[in-house]
Protein chains: 2
Amino acid sequence: MLRFDQNGLIPAIIQDASTGEVLMLGYMNAESLRRTLESGQVWFYSRSRQELWHKGATSGSFLNVKAILKDCDEDALVAKVEPLGPVCHTGNRSCFYRTLDEDGPS
Amino acid sequence: MLRFDQNGLIPAIIQDASTGEVLMLGYMNAESLRRTLESGQVWFYSRSRQELWHKGATSGSFLNVKAILKDCDEDALVAKVEPLGPVCHTGNRSCFYRTLDEDGPS
């Protein structure tokens, strides 16, 4: 039903279920989506490491899933989550912590 | 500075600036981003039509840009917008109007 792209991936927008803040954009393949649904925590497919990625496995900042939405043409997801810690590897609550023209540490 | 993908695109999450609702996921190339910044309204690059797309040009539901954020690794954007009408071609306010397991007209 879902439309995965030519690499077998679908983008998943991660949104804080309580505040509505967009926390990050990740990518899932069919298996990571299956694990997400089964475990109730977000699993991605890491494009850089080319492996399944249980978000929070190293940081402890797991993402507990409250709801998953799909878009009209079924090629994008929104996961509403309760984050158990900062989502960004920088320690920020969200990966989207800078405006477009803003520099600074990434 | 921004990292566009191998097709010259960057995903842009469109979020209602007032309510926080995620409205859609679109893709921008460098030119559509330039036009977005210049005009203050969202321009995408349509992957299916392979052309620049002034969102709202046919429906009237233009997206007035309030802020644009980039993520930590600079390969995704969030545009906070004021939508001038329903964003989805189905007439729904958001393209994300169904849960993952929900069927119905797309």
Side-chain angles (χ1 to χ4, degrees), chain A residues 1-3 5-7 9-28 33-34 36-37 46-48 65-80 86-106, chain B residues 1-3 5-7 9-28 33-34 36-37 46-48 65-80 86-106:
Chain A
M1 200 158 76
L2 288 179
R3 291 164 56 206
D5 70 11
Q6 69 275 18
N7 298 312
L9 301 177
I10 191 167
I13 300 164
I14 307 301
Q15 184 180 30
D16 189 302
S18 300
T19 67
E21 186 176 24
V22 174
L23 301 174
M24 67 176 289
L25 178 68
Y27 294 85
M28 293 183 179
L33 179 57
R34 195 189 65 74
T36 297
L37 294 172
S46 167
R47 297 176 302 166
S48 54
V65 175
K66 297 302 182 184
I68 301 184
L69 307 176
K70 60 183 174 185
D71 73 347
C72 52
D73 50 3
E74 306 188 320
D75 64 359
L77 301 174
V78 168
K80 300 192 177 192
V87 164
C88 189
H89 72 286
T90 58
N92 286 281
R93 196 174 59 235
S94 164
C95 292
F96 295 95
Y97 59 91
R98 290 178 299 173
T99 57
L100 188 58
D101 52 0
E102 199 174 338
D103 283 329
S106 68
Chain B
M1 200 159 74
L2 289 179
R3 291 165 56 206
D5 71 11
Q6 70 275 17
N7 298 312
L9 301 177
I10 190 167
I13 300 163
I14 306 300
Q15 185 180 31
D16 189 301
S18 299
T19 66
E21 186 176 22
V22 174
L23 301 175
M24 67 175 289
L25 178 68
Y27 295 84
M28 292 182 180
L33 179 58
R34 195 189 66 72
T36 297
L37 295 172
S46 167
R47 297 175 302 166
S48 53
V65 176
K66 297 302 182 185
I68 300 184
L69 307 177
K70 60 184 175 185
D71 73 346
C72 53
D73 51 4
E74 306 188 321
D75 63 0
L77 301 175
V78 168
K80 300 192 177 193
V87 164
C88 189
H89 72 285
T90 58
N92 284 281
R93 196 173 59 234
S94 163
C95 292
F96 295 94
Y97 60 91
R98 289 179 299 173
T99 58
L100 188 57
D101 52 0
E102 200 173 337
D103 284 328
S106 64

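Keep in mind that this is a model prediction, so the values were computed, not measured. Below, chains carry the letters A, B, ... as their sequence lines are ordered, and counting in each starts from 1.
Only the side chain of A:Leu33 has a heavy atom closer than 4.5 Å to any heavy atom of chain B. Looking at A:Ala76, both its backbone and its side chain come within 4.5 Å of chain B, counting heavy atoms on both sides. There is no contact between A:Asp16 and chain B, counting heavy-atom distances below 4.5 Å.
Residues meeting the side-chain hydrogen bond (donor to acceptor under 3.5 Å, both in side chains) test with B:Arg3, sequence neighbours left out: none.
Taking the charged nitrogens against the carboxylate oxygens, B:Arg47 and A:Asp5 have no contact shorter than 4.0 Å, which rules out a salt bridge. Between A:Glu74 and B:Arg98, at least one side-chain N (NZ, or NE/NH1/NH2) sits under 4.0 Å from a carboxylate O, which counts as a salt bridge.
In this structure a side-chain-to-backbone donor-acceptor pair under 3.5 Å is present from B:Lys70 to A:Glu102. Not one N or O on the side chain of B:Gln15 forms a donor-acceptor pair closer than 3.5 Å with the backbone of A:Glu21.
Proximity of B:Cys72 to A:Asn92: side-chain heavy atoms (C-beta onward) are nowhere separated by under 4.5 Å. With contacts defined as side-chain heavy-atom distances shorter than 4.5 Å, the pair A:Leu2/B:Leu100 qualifies.
Rounded to the nearest 0.5 angstrom, B:Cys88 SG and A:Asp73 CG are separated by 8.0 Å. Rounding to the nearest 0.5 Å places CG of A:Asp101 at 9.0 Å from CG of B:Leu37. We find the CG-OG distance between A:Asp71 and B:Ser94 to be 8.5 Å, quoted to the nearest 0.5 Å. To the nearest 0.5 Å, atom SG of residue A:Cys95 and atom CG of residue B:Asp75 are 9.5 Å apart. Between atom CG of residue A:Leu77 and atom OG1 of residue B:Thr99 there is a gap of 11.5 Å, rounded to the nearest 0.5 Å.
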Evaluation steps, side-chain contact (heavy atoms from CB on, under 4.5 Å), between A:Phe96 and B:Ile13: CA-CA 11 Å; A:Phe96 295 95; B:Ile13 300 163; 4.0 Å; yes

